[in-house]
Engineer: 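So that we are looking at the same thing, I have put the structure below in structure tokens.
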Amino acid sequence: MELLGEYIGPDGQRQQMRVPCDSPGDVDPFQSLLSGVAQMRELVAENFGTVVQREAQDTVAAAPDKALHDEDTGLEK
């Protein structure tokens, strides 16, 4: 058994994330699935962390004045 996820970025690039949920021996299959879900969660967090950082860097590079202004408070950051 495995978990499979796919992310399609704003540029249209596809990225697959695959996590095996098989475990050797007499391990409960539901425990294996739970472990796989935890691994997939970490993988997704890593992947989206990279995407968010990249988009933030692009935003700062494109409009440095806007990046320094907090729209919620109207104050400079």
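For the single chain, residues carry numbers from 1 onward in sequence order. Source: prediction; values computed, not measured.
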Engineer: Is there a path of hydrophobic side-chain contacts, each under 4.5 Å between heavy atoms, that joins Leu34 and Met40?
Structural biologist: no
Engineer: Which residues pass the salt bridge (charged side-chain N to carboxylate O under 4.0 Å, His left out) test with Arg41, sequence neighbours left out?
Structural biologist: none
Engineer: Could you tell me the separation between the CD atom of Gln15 and the CG atom of Asn47, rounded to the nearest 0.5 Å?
Structural biologist: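 So the CD of Gln15 and the CG of Asn47 are separated by 4.0 Å.
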Engineer: Measure the spacing between OG of Ser35 and CG of Leu3 and express it to the nearest 0.5 Å.
Structural biologist: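 Answer for the OG-CG pair, Ser35 versus Leu3, is 10.0 Å.
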Engineer: With sequence neighbours excluded, what pairs up with Ser32 under the side-chain contact (heavy atoms from CB on, under 4.5 Å) test?
Structural biologist: Ser23, Val27
Engineer: side-chain contact (heavy atoms from CB on, under 4.5 Å) with Glu6: which residues, sequence neighbours excluded?
Structural biologist: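 Listed in chain order: Ile8, Arg14, Gln16.
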Engineer: Answer yes or no: are there more than 12 heavy-atom neighbours, outside Gln31 itself, under 6.0 Å from its atom CD?
Structural biologist: no
Engineer: For Met1 and Asp22, work out which heavy atoms get closest and say how close.
Structural biologist: N-OD1, 2.5 Å
